[in-house]
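Each remark here refers to the structure printed beneath this line.
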Protein chains: 2
Amino acid sequence: MGRTPNVDDELMHARLAEVFRANGYAGASLSDLSRATGLQRASLYHRFPDGKPAMAAAVLTSMESHFGEIFELLASEPDTAEGVAEMARRMALVYRDGRMACVLDTMTLIGAPPEIRAHAARLARAWLQAMAGAAVRAGAAEQDAERRARAALVRIEGALVVARVLDDPSVFEQVLGELPDLLAR
Amino acid sequence: MGRTPNVDDELMHARLAEVFRANGYAGASLSDLSRATGLQRASLYHRFPDGKPAMAAAVLTSMESHFGEIFELLASEPDTAEGVAEMARRMALVYRDGRMACVLDTMTLIGAPPEIRAHAARLARAWLQAMAGAAVRAGAAEQDAERRARAALVRIEGALVVARVLDDPSVFEQVLGELPDLLAR
DNA sequence: GTCTATATTTGGATAGAC
DNA sequence: GTCTATCCAAATATAGAC
């Protein structure tokens, strides 16, 4: 039985996440992670005896939990279009209005440990399932709902890439605005 | 006046590109690049005295030239929908049917030199311009054409990310199929 | 639990023989 | 033009004091 995650852990994971998301798994050095958290490298190893892979895993687990809350919100909102709009608002925060990359993108390049990539794949599938569920509640047939959910994820991830490349976050905000129509129409 | 690029150069750039695209800029080590090209690290430095940044720049220049040919094709095809379909077929080759990442994504993370990121941004803008031009020739108003081109790039980049994360290249093929409708309708 | 100090390996880069 | 050998810096990881 591990100990209960506390506020400090969450803050730490958020700071680690920033580094992994911006630099990718391979690009995130222990020095970067040390600087971002304010802890010396040895202290990071005290908290994560298995080193960088364990830090990346903690980031994904934390992300998974944060996203899980958003998916629950989406599932419990009776007005599906409003639920999707709320998800979009939460995603705007997560991705800092398009200025911060997604772990699914930057932590899945060659160089990341296979367990990390598998973890990211699980997160992506949970996200697809949550969005497809919303589409079904909005009246879509199962297959169509899955199609729409996939389209939504494609646009979100693509918008984050394009926003970064062009240094123009508006691309992302544009896509967020399309989500209610795409998923709940 | 530099020397004329020959077949060997193109092959070498293609092999370097594979490493940068799969691993990202930071994740592509000289050892990786050496293995991929069959040249020792010192030999790579003979060809690229400015080291890894120069190799990445060569990859982008090579990519730019390859894409430029595709854009010319797109611009010269009288049947715009057919031109877009041909672009899609070329992109399927470039991205190995969704199994290989895009430089615009993986070479623009924090850790890549600013010149590399600027180079990637130029390539992205040229691509957008080429697609918007096609949309205009298909009858779209200028603003709408730009919107459609941006949507196309978002979907292509997003599909590559999602295909990688889910290990399901079909996501990319699906998006390629949508392009003629999106751009030339 | 955090630190300084250090070990070890890898990565980027150069020198010089062939 | 490519190689082996080497250098130096950076990255991961550990030891042990406090």
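So you know, we letter chains A, B, ... as the sequences are listed, proteins then strands, and number each from 1. Keep in mind it's a predicted model, so treat the numbers as computed, not measured.
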Item to check | A:E18 and A:R96 ion-paired at < 4.0 Å | outcome: yes

Checklist entry - Hey, does the side chain of A:S43 come within less than 4.0 Å of C:dG1's phosphate (OP1/OP2), counting only N and O? => result no

Item to check | Atom-pair distance (CZ on B:F20; C1' on C:dG12), nearest Å | outcome: 12 Å

Item to check | Whole-Å gap separating P (C:dT10) and CG (B:N23) | outcome: 16 Å

Next on the checklist: Working to the nearest 0.5 angstrom, can you tell me the gap between A:T106 OG1 and A:M100 CE?
Outcome noted: 10.0 Å

Checklist entry - Rounded to whole angstroms, how far apart are CZ on B:F48 and C1' on D:dT2? => result 15 Å

Item to check | Whole-Å gap separating P (D:dA5) and CG (B:L30) | outcome: 19 Å

Checklist entry - Taking the side chain of A:K52 as its heavy atoms from C-beta onward, which of C:dT2, D:dT12, C:dT4 lies nearest to it? => result D:dT12

Next on the checklist: For A:A42 and A:S29, find the nucleotide of DNA chain D closest to each by heavy atoms; which residue's nucleotide sits nearer the 5' end?
Outcome noted: A:S29

Checklist entry - Given atom CD of A:Q40 and atom C1' of D:dC18, what is their separation to the nearest angstrom? => result 15 Å

Item to check | N or O in side chain of B:Y45 less than 4.0 angstrom from C:dT14 OP1/OP2 | outcome: no

Checklist entry - Please give, in whole Å, the distance from C:dC18 P to B:H46 NE2? => result 18 Å

Checklist entry - The side chain of B:S31 lies closest to which of these nucleotides: C:dG11, C:dC3, D:dT4? => result C:dG11

Checklist entry - Roughly how far, to the nearest 0.5 Å, is the CD atom of A:Q40 from the CG atom of A:L30? => result 11.5 Å

Checklist entry - Are A:R147 and A:E142 within salt-bridge range, i.e. N to O under 4.0 Å? => result no

Checklist entry - How about A:R164 and B:T108: does a side-chain donor come under 3.5 Å of a side-chain acceptor? => result yes

Checklist outcome for this item: Between CG of B:D50 and P of C:dA13 the distance, given in whole Å, is 9 Å

Checklist entry - For A:R41 and C:dT2, is the shortest distance between a side-chain N/O and OP1 or OP2 below 4.0 Å? => result no

Checklist entry - Taking atom C1' of D:dA11 as reference, at what distance in whole Å does atom CE of A:M55 sit? => result 12 Å

Next on the checklist: What's B:A28 touching, base or sugar-phosphate or nothing? Going by heavy atoms closer than 4.0 Å.
Outcome noted: sugar-phosphate

